[in-house]
Q: 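Can you read through this structure? Questions will come right after.
Residue numbers start at 1 and run along the sequence shown.
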Amino acid sequence: MAWYDEAIFYHIYPLGLCGAPKENNYGEPVHRLRELLPWIHHIKEIGCNAIYIGPLFESVGHGYETTDYKKLDSRLGDNQDLTDFVLACHNEGIRVILDGVFNHTGRDFFAFQDIRKNRENSPYRDWYCNVNFGGNNEYNDGFSYENWGGYNLLVKLNQHNPAVRDYICDVIRFWVSEFDIDGIRLDAADVLDFEYMKALRHVANEVKPDFWLMGEVIHGDYTRWVNEGTLHSVTNYHLHKALYSGHNDHNFFEIAHTVKRLYEMGGNRPEGLKLYNFVDNHDVERIYTKLTNKAHFAPVHILLYTLPGVPSIYYGSEFAIEGKKEQGSDASLRPALNLDDFSDAIAQNPCTKLIARLGTLRQETPALSYGDYKELILTNRQYAFSRNTDGVSVIVTVNNDDSDFVMTVPADGADAYIGKLSGETISVVNGNIVVNVRANSGDIWVPLQGEDGEKSTEVEDVLKPLNEPTTPTEPEKRIVEEKPEAPVDSTSTDGTASPDSPKTFEEGKVAGLQEAIIAIMESKGPVTEQMRKDVYNQTHYPSLINWIKSF
């Protein structure tokens, strides 16, 4: 097991978050990176234990046109600022990985500048791909070259050149010795030469135990990049697309089939393909913007934190901020934020509270990091699966419909489960749990273990603010208010709450609804003992209201 097997990432685009100027005049350092130090506490408070931050090194604009790999961008500060930031993260138990832009450089990089000056006589003429001194470009260099993405601002490195490989490998060694980083995210990994990546992996194995290499890959067979010889992980764009469109289209089949295909790609083993999962980042629109129904924020993130892979939150999205590409610009995706504006977010913002709870649950529940994956229920609007490890089975249920839905889900290895988001406890009956999955929501069901499980029933319901219960209609109110209470035994012979138990006012309302449901069921036909148990095991008031509505 390595640290990244249990990682929960917080992704920062520092030039944006710190409000740096769009263009670098290469002047005196402005120590904006220090402004991120208070964010470390927030990052830990929402349950993240790793940071992916970048690009960080000297560049002329957005950061991916590197000018100097060994100097912090002067708009962010100096190298000591980065050293201090990583140390502060490590002191809080947070790992740090940086952006490695090793596919191309900017035009101000020393090797390219030497070619401009010395042309055919430059010792660096073979550092770049297809340099043609008979060509020209929009900069009137008097030569042409291969670029990345059609932008001559980004000059493609010749990764077959041993001198280039040696230089970049030395950059990695420098970053570890100077800043003590824990890994690198390789920009544009899907166009990197595989032998080049093998050289980078060799250095990663050399510089630090469990040094993590993660690559930016959009499409394709991820196992081409993720293996013992190249990278540890890649960006999971397949799942990214499925998560938002599967909710917008009410199509959980898209999500489940994507998960199944990726799980099979990894050999149907939980450790086979641990991908970097995300719902938004610095290149794509914010998840809160992309969701047609904003209430789907909850099930989307429940899936992000519970499906196989390594979850990541992009800065600000825990607050459910918006971000839309405008006129081809990514600027609105990379805003400056003042943490003071969100000082009470965990207490007051239900989306932030949910993210914080999910972070805690992920850290407390090994099955979510190491467990296998088994699909249990799948419809267009409902989805359930389990993550199983060391005899512990954790069950996840999600619902993208505007109405609650009652699921009967196979459950093994425990007598009862607790919903770690709702606080509900459910008994296992005949190998199943019958759970009410709230509208546009979900839950994570963890086994209750013996008597010690009693304390777990005090879990705060973090779902309620995200999905306020339906106000009862007048007939529903009468069902509750007119039902008398009967003080008899407190429990039934099967251990479930008896319909005739002594009740508090709230318990009386629940009991009234339970008996109303039984009465309605009896009016429609025979009611089995199992059907009665299912009713009495459901003690969540809004769920019972919706059950009555379903008749």
Q: Who are the side chain to side chain contact (heavy atoms under 4.5 Å, CB included) partners of Asp221, not counting sequence neighbours?
A: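 Scan of Asp221 (side chain to side chain contact (heavy atoms under 4.5 Å, CB included), adjacent residues dropped) gives Thr223, Arg224, Met265.
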Q: When the aromatic ring centroids of His11 and Phe278 are compared, is their separation below 6.0 Å?
A: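 No, the ring of His11 stays outside the 6.0 Å limit from the ring of Phe278, centre to centre.
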Q: Does Phe194 have more than 12 heavy atoms from other residues, nucleotides or ligands lying within 6.0 Å of its CZ?
A: yes
Q: Does Tyr383 reach the side chain of Asn399, with side-chain heavy atoms less than 4.5 Å apart?
A: no
Q: Just by distance, do the side chain of His104 and the backbone of Trp148 share a donor-acceptor pair under 3.5 Å?
A: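 Side chain of His104 to backbone of Trp148: no pair is present.
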Q: With sequence neighbours left out, write down each residue that passes side chain to side chain contact (heavy atoms under 4.5 Å, CB included) with Asp344, or none if nothing qualifies.
A: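 Only Gln348 meet the side chain to side chain contact (heavy atoms under 4.5 Å, CB included) criterion with Asp344.
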Q: When rounded to the nearest 0.5 angstrom, what distance separates CG in Asp5 from OG in Ser369?
A: 8.0 Å
Q: Any donor and acceptor pair, going by atom type alone, linking the side chain of His250 with main-chain N or O of Asn400 inside 3.5 Å?
A: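 Here the side-chain-to-backbone pair exists.
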Q: Checking Asp190 now: which residues fulfil salt bridge (charged side-chain N to carboxylate O under 4.0 Å, His left out) with it, not counting sequence neighbours?
A: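 Asp190 satisfies salt bridge (charged side-chain N to carboxylate O under 4.0 Å, His left out) with no residue once adjacent residues are dropped.
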Q: With a 4.0 Å cut-off on N to O distance, would you call Arg438 and Asp461 a salt bridge?
A: yes
Q: If we ignore hydrogens and angles and just use 3.5 Å, is the side chain of Thr230 paired with the main-chain N or O of Trp225 as donor and acceptor?
A: yes
Q: Can you confirm whether the side chains of Tyr370 and Glu271 place a donor and an acceptor under 3.5 Å from each other?
A: no
Q: Determine whether Phe342 and Thr352 make a side-chain contact, defined as any pair of heavy atoms from C-beta on separated by less than 4.5 Å.
A: no
Q: Any side-chain to backbone donor/acceptor pair from Thr289 onto Glu322? Under 3.5 Å, distance only.
A: no
Q: Would you call the rings of Trp212 and Phe9 parallel, tilted or perpendicular, where under 30° means parallel and over 60° means perpendicular?
A: parallel
Q: Without swapping roles, check the side chain of Tyr196 against the backbone of Phe102 for a donor-acceptor pair under 3.5 Å.
A: yes
Q: Please check if the side chain of Asn248 supplies one atom and the backbone of Thr292 the other of a donor-acceptor pair under 3.5 Å.
A: yes
Q: Is the backbone of Lys324 close enough, under 3.5 Å, to the side chain of Lys290 for a donor and an acceptor to pair up by distance?
A: no
Q: Side-chain contact test, heavy atoms from C-beta onward, threshold under 4.5 Å: evaluate it for Asn268 versus Tyr373 and give yes or no.
A: no
Q: Closer than 3.5 angstrom, by distance alone: can the side chain of Arg95 be matched with the main-chain N or O of Ala50 as a donor-acceptor pair?
A: no
Q: Taking the six-membered ring of Tyr288 (Phe, Tyr or Trp), confirm whether the NZ or CZ of Lys294 is under 6.0 Å from its centre and within 45° of its axis.
A: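 Pair Lys294/Tyr288 counts as cation-pi.
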Q: Quick one: which of Leu186, Leu200, Ile184, Leu192 gives a side-chain contact (heavy atoms from CB on, under 4.5 Å) with Leu231?
A: Leu186
Q: Give a yes or no on whether a salt bridge exists between Arg185 and Glu216, defined as a side-chain N under 4.0 angstrom from a carboxylate O.
A: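 Yes, charged N to carboxylate O under 4.0 Å.
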Q: What is the minimum heavy-atom distance between Asp99 and Gly54, and which atoms define it?
A: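 Nearest heavy atoms, Asp99 then Gly54: OD2-C, 3.4 Å.
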Q: side-chain hydrogen bond (donor to acceptor under 3.5 Å, both in side chains): which pairs involve residues 300-316, sequence neighbours left out?
A: Tyr276-Ser312
Q: Please confirm whether the ring centroid of His238 lies under 6.0 Å from the ring centroid of Tyr222.
A: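 They qualify: ring centres under 6.0 Å apart.
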Q: Which atom pair, heavy atoms only, marks the closest approach of Thr408 to Pro410?
A: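 Minimum heavy-atom contact is O-CD, 4.1 Å.
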Q: Provide the full list of ring-ring contact (aromatic ring centres under 6.0 Å, His included) pairs with a residue in residues 388-430, sequence neighbours left out, each pair given once.
A: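 For residues 388-430, and leaving out neighbouring residues, there are no ring-ring contact (aromatic ring centres under 6.0 Å, His included) pairs at all.
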Q: For His42 versus Glu318, what's the shortest heavy-atom pair and its separation?
A: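 Closest heavy-atom pair between His42 and Glu318: NE2-OE2, 2.6 Å.
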Q: Taking atom NZ of Lys156 as the centre, report whether more than 12 heavy atoms of other residues, nucleotides or ligands fall under 6.0 Å from it.
A: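 Yes.
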Q: Determine yes or no for a side-chain-to-main-chain donor-acceptor pair under 3.5 angstrom, with Gln382 supplying the side chain and Leu378 the backbone.
A: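 Not at all, since once roles are kept as given, no pair shorter than 3.5 Å links the two residues.
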Q: Compare all side-chain heavy atoms of Leu17 with those of Ile12 and state whether any distance is below 4.5 angstrom.
A: yes
Q: Counting N and O atoms only, with roles assigned by atom type, does the side chain of Arg334 sit under 3.5 Å from a partner on the main chain of His282, one being a donor and the other an acceptor?
A: yes
Q: Are any of the side-chain heavy atoms of Tyr10 and Ile53 separated by less than 4.5 Å?
A: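 When only atoms from C-beta onward are counted, Ile53 and Tyr10 do not touch, as no gap falls below 4.5 Å.
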Q: Under a plain distance cut-off of 3.5 Å, with no hydrogens placed, do Thr397 and Asp443 share a side-chain donor-acceptor pair?
A: no
Q: Once side chain to side chain contact (heavy atoms under 4.5 Å, CB included) is applied, do any residues pair with Leu333, and if so which ones, sequence neighbours excluded?
A: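 Side chain to side chain contact (heavy atoms under 4.5 Å, CB included) check on Leu333 returns Glu285, Lys325, Asp330.
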Q: Under 3.5 Å, is there a donor-acceptor pair linking the side chains of Asn281 and Tyr237?
A: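 Result is yes, a qualifying pair exists.
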Q: Quick check: do Leu303 and Phe385 have side-chain heavy atoms less than 4.5 Å from each other?
A: yes
